[in-house]
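Reading through the structure tokens given below for one structure.
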Amino acid sequence: MDYKPQIIEDKWQRRWAEQNVNSLSDAELGSANRPFYNLMMFPYPSAEGLHVGNMYAFTGADIYGRWKRLLGETVFEPIGFDAFGIHSENFALKIGTHPMELIPSNIRNFTRQLTRIGAMYDWNHIVDTTDPSYYRWTQWLFLQLYKAGLAEKKEAAVNWCPSCHTVLANEQVIAGACERCGTIVEQRNLSQWFFTITKYAQRLLDNLEWIDWSGTTKKAQENWIGRSEGAEIWFEVESPWEPTAGSDAADAVAEAQAHHHEAGEDDEYEQKLQISVFTTRPDTIFGATFLVLAPEHPVVEWITTDARRADVEQYRDRAGAMDLVTRKKTDKEKTGVFTGAYAVNPATGKPIEIWIADYVLMEYGTGAIMAVPGHDERDFEFATQFGLPIVRVIAGSGDTADSALSEAYADEGVLVNSGDFDGMASGEAIGAITSWLAEQDAAEPKVNFRLHDWCISRQRYWGPPIPIIYCDACGTVPVPEDQLPVVLPHVENYKPDESGVSPLAREESWYRVKCPECGGDARRETDVSDTFLDSAWYFLRYPSAKRDDVPFDAELTKKWLPVDMYIGGEEHAVLHLLYSRFITMVLHDLGIVPFEEPFATFRKHGLLIKEGSKMSKSRGNVVIPDQYIEEWGADTFRTYLMFLGPYQEGGDFRDQGLQGPFGFFSRLWDTVVPVAELGTAQPAGVIEQKMHATIAKVTDDIAGLRYNTAIAAMMEYLNALREGNRAVNRAEVEPLVVLAAPFAPHIAEELWELLGHSGSIFTGANWPSYDASKTIADTVEFVVQVNGKVRARMTMGRGITKEDAQAAALADDNVRRFVDGAQVRKVIFVPDRLLNLVVG
RNA sequence: GCGAAAGUGGCGGAACUGGUAGACGCGCGAGACUUAGGAUCUCGUGGGCGUGCCCGUGGGGGUUCGAGUCCCCCCUUUCGCACCA
């Protein structure tokens with residue numbers, strides 16, 4: 001009887017489904033004593049089907065879950081579909097099938113594939129983000145944030161493809177062009193909904209200290225949040241300058257005045273406009289020889305002089321037409337124009353020119369910088385280009401106050417040309433100058449974050465409608481919670497157009513509604529929300545997937561969350577994983593969930609490559625799991641994926657490699673089948689030690705996700721069992737079947753049954769235990785070195801003394817060749833390992 | 001540019017707090033069984049020659065009785081962020 005994986009796998013997959021082996025009933029969910037929530041990142045159900053990358057992630061997570069289950073924990077391992085979003089919609093447009101038909105068929109295909117890979121998913125607790133019973137609660141979530149003042153609508157620059165008539169995400173713009181049609185993308189200002197995640201920046205950063213996540217993932221979040229400390233400094237715009245009464249400019253001045261009055265200033269500052277800048281280097285302020293504003297900075301139109309207005313307008317138009325990706329390219333030449341206006345450097349009291357340039361971004365800091373060309377590379381380049389003054393205010397070692405600058409000196413040093421601060425170290429001067437300016441009410445210490453507010457609105461069709469109604473009388477009105485979901489209507493023409501609004505804005509019968517407050521005529525928000533909002537809370541939904549009265553049941557949430565183990569790709573380090581943390585933190589603050597971090601443990605898995613190169617459709621080297629599973633069986637395929645490299649680092653997929661695990665399972669089969677007839681016996685002496693050591697190693701390796709070495713250890717053990725053609729007994733082989741079960745569940749089930757057990761190995765077996773004292777062999781291979789070089793290896797009893805070892809070593813002919821005639825100066829003895837004789 | 005990780009046989013990869021480099025597997029070589037099997041089983045497999053030695057973990061220094069592992073400098077690759085002030 002040969003090993004026939006396809007027959008076995010079919011049998012057990014059928015049985016698991018029929019007997020509900022892998023799903024938890026609601027009663028079990030509610031009563032579990034040792035709940036373990038084992039989560040993997042739910043897939044986007046693409047039309048291409050399950051990718052080997054998905055399977056790699058899922059298999060690694062499934063092994064962990066199955067192992068926990070064999071350890072006696074109640075493991076909840078759900079799966080779902082992240083099916084809304086631009087990818088699905090674009091693909092639907094391309095092939096001309098409506099997403100409402102395409103997605104369900106993709107999901108059916110994924111379900112088939114996910115069953116075939118042999119993961120123990122709880123098919124009774126599926127989540128599909130496009131199901132109204134799910135997105136109803138996504139909309140509910142939006143309303144909670146709205147009510148908490150964390151959702152607001154404001155104008156923002158977005159990428160717009162004039163050919164596809166749509167907004168594009170930054171990732172969809174390749175070298176300034178639309179990824180689909182190649183048209184050059186423009187910037188448009190559209191009114192967008194934002195979640196103010198920036199209010200949580202510091203906490204999101206602080207909690208990274210204690211959550212148990214892969215280090216690289218934490219680092220990526222830390223960089224993305226991008227905290228920088230420095231100062232905000234105010235530069236007065238020089239008179240003569242007067243705002244027109246009632247203008248925005250006048251309001252801005254009034255605001256500045258209020259600020260000064262608050263600070264107890266007298267009226268000296270009346271009628272003055274100030275431009276605030278953020279800098280991490282206030283120590284260089286004496287070298288700030290001009291200001292640069294982002295072209296779209298609101299102050300620009302008020303301060304520009306008549307003589308310069310034409311040039312300024314032209315430059316602003318050009319910058320505005322440029323797409324965001326090209327604009328942010330670092331290697332392009334610096335451009336900019338002078339506004340004609342001057343500001344006063346608060347440190348030197350001297351007037352400096354105010355320029356606009358596209359290298360200054362409105363979205364970071366205050367949208368304006370003090371340019372210090374002597375000590376900032378970009379400012380240096382700009383000043384050189386336009387002949388602006390460059391002053392040295394920091395001296396590095398060997399520099400004097402007058403040393404010429406051939407390039408920006410951005411390092412620390414000693415202050416020069418800085419008035420009373422000359423001679424101070426730059427590090428110290430940061431604080432000293434900030435305080436000095438603060439006394440004059442010209443600056444304050446400031447922490448700035450790179451993180452932006454999360455723009456969640458999309459002018460698209462395939463997403464959950466944002467549950468907001470606009471009423472002329474009442475303004476912005478949230479849809480009452482009892483009227484959720486706002487169902488996404490089936491729209492024939494869901495193609496985005498030139499208008500800059502969602503296709504839903506063409507559905508008058510849908511967007512015309514009565515105001516929930518006054519009953520008057522009103523209009524729905526026609527934008528839908530970002531897919532990342534769907535995935536920012538799905539893990540909360542799984543245990544309560546079947547509830548339609550609440551988004552998540554309080555008791556179940558308390559019992560099962562935070563997620564115990566979350567495994568996923570590093571590509572989501574900053575988006576999904578950050579948004580989920582933010583949403584959870586908000587829900588915590590609103591008293592809705594009792595924890596503020598959603599994932600107690602997160603481990604990233606590595607990336608798979610194929611025969612040394614990246615997998616891609618264009619290379620045609622994408623591994624499709626189905627073919628391999630059909631050929632080799634799911635057990636072999638799963639095990640090979642885990643064997644080809646360290647799980648957290650990824651590895652190189654080579655077709656020939658499948659032979660290894662397949663041979664292992666064939667030999668395991670050949671070894672166990674004859675044993676099934678025999679009774680239980682004690683493991684043989686030599687085998688017993690190896691068995692305990694193997695159980696210890698496999699257990700430890702799985703816990704650390706070192707699956708490749710766990711598999712190697714099982715192979716070694718099987719090789720030891722088969723060595724010398726001895727009779728193998730049941731006590732030697734049964735633990736191995738259980739060790740292999742997380743990796744190869746089907747063959748493990750079959751062998752378990754052949755060994756005379758009834759029911760599933762996952763409910764019937766216990767993870768084998770080991771006796772630590774039995775993991776150690778009685779003899780060791782002992783090494784003798786002379787001057788650090790190995791001269792002999794000898795088998796010794798464990799615990800041999802230094803004296804005995806030395807005597808044995810000196811009795812060895814080869815050792816003697818190197819020792820005789822020389823003086824032994826030193827003897828190094830490492831118990832049970834080696835003896836090093838230092839001679840000379 | 002900033003941040004992170006990694007460079008080990010023909011290949012994928014092992015190697016605990018410094019202590020036998022190359023576990024396990026692929027591939028390859030020889031043999032056994034036998035004859036269309038992607039088999040199975042035994043033995044071998046880092047390189048070099050003088051067959052017990054020499055050389056070997058990206059390169060160069062250093063610490064040490066002993067370095068893949070620790071320290072310094074350099075090179076290369078991959079990934080993330082990037083005109084972030």
Side-chain angles (χ1 to χ4, degrees), chain A residues 2 215-224 226 228 230 277-281 284 292 327-332 334 357-361 363-372 376-379 381-382 410 448-452 570-571 573-574 606-607 609 611-612 614 631-632 640 643-646 648-664 666-667 670 700 706 708-716 718-719 722 725 780-793 814 817-818 825-840:
Chain A
D2 285 345
T216 50
T217 311
K218 288 209 240 186
K219 197 77 202 169
Q221 290 212 348
E222 189 186 317
N223 291 341
W224 183 263
S228 37
V277 305
F278 172 73
T279 179
T280 52
R281 293 294 302 272
T284 63
V292 186
R327 160 119 182 231
K328 291 182 187 176
K329 274 241 152 63
T330 54
D331 50 2
K332 73 183 200 323
K334 294 273 177 295
D358 66 4
Y359 81 94
V360 175
L361 308 172
E363 69 202 43
Y364 185 76
T366 61
I369 61 155
M370 62 175 210
V372 183
D376 180 280
E377 212 181 298
R378 296 151 301 172
D379 297 344
E381 200 189 320
F382 192 82
N448 205 49
F449 293 95
R450 211 190 70 94
L451 182 70
H452 294 134
E570 178 91 297
E571 69 275 17
V574 289
L607 200 71
I609 56 171
E611 318 268 340
K614 238 184 209 174
E631 219 172 323
W632 297 93
Y640 175 61
F643 184 58
L644 54 70
Q648 293 181 80
E649 281 157 47
D652 193 354
F653 187 100
R654 285 167 191 263
D655 289 356
Q656 283 181 329
L658 276 300
Q659 188 58 243
F662 183 80
F664 170 64
S666 300
R667 286 189 290 277
D670 291 346
D700 193 50
R706 291 182 298 273
N708 54 335
T709 49
I711 295 163
M714 290 188 280
M715 288 171 165
E716 269 187 78
L718 183 63
N719 290 346
R722 291 168 63 86
N725 215 12
V780 289
E781 213 194 339
F782 196 84
V783 168
V784 181
Q785 297 181 332
V786 179
N787 286 345
K789 291 194 187 282
V790 179
R791 297 304 176 190
R793 291 154 211 240
N814 200 43
R817 286 181 32 199
F818 292 90
R825 296 184 186 281
K826 200 173 171 185
V827 178
I828 311 279
F829 176 70
V830 181
D832 295 330
R833 281 199 174 239
L834 66 72
L835 187 78
N836 186 12
L837 302 167
V838 184
V839 303

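Chain naming here is simple, since letters A, B, ... match the order of the sequence lines and numbering starts at 1 in each.
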Exercise. For B:rG46, decide between syn and anti, treating a glycosidic angle within 90° of 0 as syn.
Key: anti
Quiz item: Taking for each residue the nucleotide of RNA chain B with the nearest heavy atom, is it A:D379 or A:F643 whose nucleotide lies nearer the 5' end?
Solution: A:F643
Practice problem: For A:E222 and B:rG80, give me the distance from atom CD to atom P, rounded to whole Å. | Solution: 18 Å
Quiz item: Taking the side chain as C-beta and beyond, is there a heavy-atom pair between A:V839 and A:F818 under 4.5 Å?
Solution: no
Quiz item: To the nearest Å, how far apart are A:D670 CG and B:rG37 C1'?
Solution: 15 Å
Quiz item: Hey, which of these two, A:G651 or A:R667, hits RNA chain B nearer its 5' end, going by closest nucleotide?
Solution: A:G651
Quiz item: If you take all heavy atoms of A:F278 and A:N448, which pair is closest and at what distance?
Solution: CZ-CB, 3.3 Å
Quiz prompt | Pairwise C1' distance for B:rG9 and B:rU57, with rounding to whole Å | solution = 10 Å
Quiz item: Are any non-hydrogen side-chain atoms of A:V786 and A:R817 less than 4.5 angstrom apart?
Solution: no
Practice problem: Ignoring the backbone of A:S228, work out which of B:rC55, B:rU20, B:rA85 is nearest its side chain. | Solution: B:rA85
Quiz item: Counting only distance, no hydrogens or angles, is the base of B:rC65 paired donor-acceptor with the side chain of A:N836 under 3.5 Å?
Solution: yes
Quiz prompt | Check ion pair A:E381-A:R378 (N to O, under 4.0 angstrom) | solution = no
Quiz item: Across all strands, who's sitting opposite B:rU64 as a Watson-Crick or G-U wobble pair, both distances under 3.5 Å?
Solution: none
Quiz item: Is there a donor N/O on one and an acceptor N/O on the other, under 3.5 Å, for the side chain of A:E631 and the base of B:rG38?
Solution: yes
Quiz prompt | Rounded distance in Å between the P positions of B:rA82 and B:rG3 | solution = 16 Å
Exercise. Would you indicate which nucleotide in B:rG3, B:rC54, B:rA14 comes nearest to any side-chain atom of A:N223?
Key: B:rG3
Quiz item: Considering only side-chain heavy atoms of A:I828, which listed nucleotide, B:rG12, B:rG25, B:rC65, is closest?
Solution: B:rC65
